[in-house]
Amino acid sequence: GLHPPPANSRTNMALCKDFCTDVTTQNVPSVPRATGLLCLVLNILLSGVGSVIAGLQANSSSTVLIGVIQFFLWPTLIGWIWSIWWGVLIYRKSQFHEAVLLGISIYSQQ
C-alpha cells in the first residue's frame, strides 16, 4: 500500500513553501533595531550573512535559506543586490519591532 512521506519530507515541503512565499512577498523577519542595522551592514559587506543572522534570531528557516542562497549567488552580483535589498527590508521592519511584538499595526494612522 501507499505510505505517507517521511516526516522530514513534510518539513522540507513546508520549508520550500515558506521560502517561496517569503521571496515572492518580500517577507522578512522582525528583529530588534540594533540587529536590523547589523543585518543591513553585513548584507552589504558579506552577501547573505545578515539574512542568515536575522533568520536565526527570528527562528525562520526560510530566511536562513535565503541568506545561504544570497551568499552563494554573490559572484553573479544577483545575490549581492538581493542581499542588500533584503538587508534594507530587514532594517526597515526592525524600526517597528516593538510594535510588531505588541501586535500593533505598523500601518495604522493613529
Side-chain angles (χ1 to χ4, degrees):
L2 294 174
H3 298 285
N8 64 344
S9 174
R10 284 192 295 271
T11 303
N12 291 342
M13 292 299 288
L15 175 59
C16 182
K17 182 180 178 212
D18 291 346
F19 169 81
C20 292
T21 301
D22 287 354
V23 169
T24 57
T25 62
Q26 297 187 17
N27 182 35
V28 295
S30 179
V31 296
R33 287 181 194 195
T35 305
L37 181 58
L38 175 67
C39 291
L40 171 59
V41 171
L42 286 175
N43 270 4
I44 292 169
L45 299 177
L46 294 166
S47 181
V49 173
S51 299
V52 170
I53 289 172
L56 292 172
Q57 170 109 25
N59 198 24
S60 171
S61 300
S62 60
T63 304
V64 172
L65 178 59
I66 287 167
V68 170
I69 292 170
Q70 290 168 344
F71 179 80
F72 284 108
L73 287 178
W74 175 81
T76 67
L77 291 183
I78 293 170
W80 189 49
I81 293 166
W82 181 17
S83 175
I84 292 170
W85 177 243
W86 224 247
V88 168
L89 294 176
I90 291 167
Y91 176 69
R92 282 184 183 169
K93 194 167 189 178
S94 75
Q95 301 305 296
F96 304 100
H97 180 69
E98 290 78 14
V100 170
L101 288 178
L102 295 173
I104 300 169
S105 172
I106 60 174
Y107 302 107
S108 69
Q109 297 293 323
Q110 302 170 349

Original post:
In the single-linkage hydrophobic clustering (I, L, V, M, F, W, Y; side-chain heavy atoms under 4.5 Å), do V23 and L77 co-cluster?
Top reply: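 Yes, V23 and L77 fall within the same hydrophobic cluster.
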Original post:
Should L65 and L56 be regarded as members of a common hydrophobic cluster, given that ILVMFWY residues are connected when their side-chain heavy atoms come within less than 4.5 Å of each other, either directly or indirectly?
Top reply: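 Cluster IDs for L65 and L56 differ.
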What distance do [X] atom [atom1] and [Y] atom [atom2] have between them, rounded to the nearest 0.5 Å?
X	Y	atom1	atom2	value
C39	W86	SG	CH2	13.0 Å
I66	L73	CD1	CG	12.0 Å
L89	L40	CG	CG	10.0 Å

Mind checking what makes side chain to side chain contact (heavy atoms under 4.5 Å, CB included) contact with [X], not counting sequence neighbours?
X	value
I81	none
F71	none
S62	L15, D18, F19, D22, S60
T25	T21, N27

**OP:** Provide the closest heavy-atom pair for L42 versus V49 in the form atom of the first, atom of the second, distance.
**Re:**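 Closest heavy-atom pair between L42 and V49: CD1-CG1, 4.2 Å.
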Subject >> Whether S47 side chain and G79 backbone form a donor-acceptor pair below 3.5 Å >> reply: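 Between the backbone of G79 and the side chain of S47 there is a qualifying donor-acceptor contact (under 3.5 Å).
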**OP:** Could you tell me whether the side chain of W80 and the main chain of I44 form a donor-acceptor pair under 3.5 Å?
**Re:**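 Yes.
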Original post:
With clusters built from Ile, Leu, Val, Met, Phe, Trp and Tyr whose side-chain heavy atoms come within less than 4.5 Å, directly or transitively, what are the remaining members of the cluster of I78, listed by chain and number?
Top reply: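 ILVMFWY cluster around I78 holds nothing else.
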Subject >> All side-chain hydrogen bond (donor to acceptor under 3.5 Å, both in side chains) counterparts of S83, not counting sequence neighbours >> reply: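 Applying side-chain hydrogen bond (donor to acceptor under 3.5 Å, both in side chains) to S83 gives N43.
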**OP:** Report the residue from V28, V31, L37, V41 that forms a side-chain contact (heavy atoms from CB on, under 4.5 Å) with Y91.
**Re:**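 One option only clears the test, and that one is L37.
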